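Okay, so here's the structure we're looking at.
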Amino acid sequence: MSQTTSTKKAPVTINTEWLSDCSGCHVAIVDMHEKLLNVLEAIEILHCPVLTDIKDYPKANIGLVSGAIRTEHDRHAAEEMRKSCDVIIAWGSCAVYGGIAGAGIVHSKEEIFDAVYGNNKTTISHNSPTTGISPFEKLVTPIDEVINVDLYLPGCPPHPAFIFDALLSLLEGRAPKATKESVCSRCNRTMVHTDVDKIKKNFEGVAEKENCFLSQGYICLGSVTLDRCMSPCPTNGMMCTGCAGATMQVLTEPNRDIRTEIADRMSKITKISRDDIISEIEYSAKSHYSYTMASKMIGKKPTFLIKKWIANTEAEYE
Ligand code: SF4
Ligand code: SF4
Ligand code: SF4
């Protein structure tokens, strides 16, 4: 029997907003492909930077916020989203942890502008813009330090299956199905004991396909990273760089840290010493902590000393 207009449920209204980010989380909506059609039947998008040209924030049931707070405009937009939406989802690693934008906390504004404009071979004037841009804030801030967040959906971007489930769970009024497993849980490689006694850089040699990267001397962050991606990187020959953010164990236990967890695991299955692994991760800390360093959950850990590690690394080049 066909549904009459009078019995049809009103659509769930949605606002989306992006703050300082790469726009990948918004593009990930399209990656839902035909599943998007299931969701579109039940929702109405009111404000969305890639679909609508609406500057204000209509009242909506759900607000999806991607990106970190880096500028005064970001802060204003986040606050407006909170005022206009019943439920706010921190969408993607930039919103949840500061993400890749958060790596800016280890550089001054002058250094960043110099790298992007002043000394960048792809710009013509080499002058930093002085008008038409929102003032930078001193730090990069995950959104829950500025507004209340109801649901966290990390990932860079989150796999469309997790986005679909998060939206569906809100539409159906249930908890999302997302698990607390690490990237290792879906990786098809096997951790084995080996005699490998040296850490390899990602580009050194060719890793064989069956065994865990850690067993082969490569640093893979899969075991300390939350699975919000279905493990595409290790499955396709690349080490996990941790873009979905740290596992709950690392986030919630003050003395657990990315580098010590990896060092404990890797030193047990290879002949590489724990200290050497810790030193290597500290040496390249800007890469290994790039997605979460702006988050207080990582930044306030007593063991997290990224500015000292970076200073030590830079001193080696002087
Ligand atoms: S989380 Fe990743 S994909 Fe999403 S906006 Fe940030 S950098 Fe882009
Ligand atoms: S550490 Fe990396 S390669 Fe090893 S099992 Fe986990 S995800 Fe796979
Ligand atoms: S495997 Fe690691 S680096 Fe690759 S998408 Fe997943 S979390 Fe990100």
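These numbers come from the heavy atoms of this one structure, side chains and all, not from hydrogens, waters or symmetry mates. Positions are given from 1 along the sequence. Just follow the structure's listing: the first ligand is 1, and inside any ligand the first atom is 1. If you're wondering where the values come from, they're calculated on a predicted model, not measured in any experiment.
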- Query: What atoms of ligand 3 come within less than 4.0 Å of a heavy atom belonging to Cys233?
  - Reply: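 This gives 1 (S), 3 (S), 4 (Fe), 5 (S) as the contact atoms.
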
- Message: Within the 4.0 Å heavy-atom shell around Cys229, which atoms of ligand 3 are there?
- Response: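 Answer, ordered by atom number: 1 (S), 5 (S), 6 (Fe), 7 (S).
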
Taking [X] for its side chain and [Y] for its backbone only, find out whether a donor-acceptor pair lies under 3.5 Å.
{"X": "Ser185", "Y": "Glu181", "result": "no"}
{"X": "Glu17", "Y": "Ser66", "result": "no"}
{"X": "Arg75", "Y": "Ala78", "result": "no"}

- Pairwise side-chain contact, His193 with Ser215, heavy-atom cut-off 4.5 Å (strictly under):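 His193 vs Ser215: side chains apart.
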
- Taking side chain to side chain contact (heavy atoms under 4.5 Å, CB included) as the test, write out the residues that go with Asp197, two or more places apart.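 Asp197 satisfies side chain to side chain contact (heavy atoms under 4.5 Å, CB included) with Lys271 only.
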
- Task: Return yes if a side-chain donor-acceptor contact under 3.5 Å exists between Asn120 and Thr122, otherwise no.
- Result: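 Present: a donor and an acceptor within the cut-off.
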
- Message: Give the residues near ligand 1 by chain and number, with the criterion being a heavy-atom distance under 4.0 Å.
- Response: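 Around ligand 1, where the cutoff is 4.0 Å for heavy atoms, the contacting residues are Asp21, Cys22, Gly24, Cys25, Gly92, Ser93, Cys94, Ile100, Gly155, Cys156, Pro157.
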
- When you check the space around atom 6 (Fe) of ligand 2, which protein N, O or S atoms turn up under 2.8 Å?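 Less than 2.8 Å away from atom 6 (Fe) of ligand 2 sit Cys184 SG.
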
- Message: Using ring centroids (six-membered ring only for Trp), state whether Phe162 and Trp91 fall under 6.0 Å.
- Response: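 That pair fails the under 6.0 Å test.
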
- If you draw a 6.0 Å radius around CG in Asp56, do more than 12 non-hydrogen atoms from other residues or ligands fall strictly inside?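 More than 12 heavy atoms, drawn from other residues, nucleotides or ligands, come within 6.0 Å of this atom.
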
- Exceeds 12 heavy-atom contacts within 6.0 angstrom, atom CD of Glu210: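 At most 12 heavy atoms, drawn from other residues, nucleotides or ligands, come within 6.0 Å of this atom.
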
- Message: Here's one to test your reading of the geometry: is the NZ or CZ of Lys109 within 45 degrees of the ring axis of Phe113 and under 6.0 Å from its centre?
- Response: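 Yes, cation above the ring, under 6.0 Å and within 45°.
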
- Query: Can you list every pair that meets salt bridge (Lys or Arg N to Asp or Glu O under 4.0 Å) and has a residue in residues 18-30, with sequence neighbours left out?
  - Reply: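 Every pair satisfying salt bridge (Lys or Arg N to Asp or Glu O under 4.0 Å) with a residue in residues 18-30: there are none.
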
- Region of Thr225 that comes within reach of ligand 3 [heavy atoms, distance under 4.0 Å]: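 Near ligand 3, Thr225 shows its side chain, while the N, CA, C and O stay back.
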
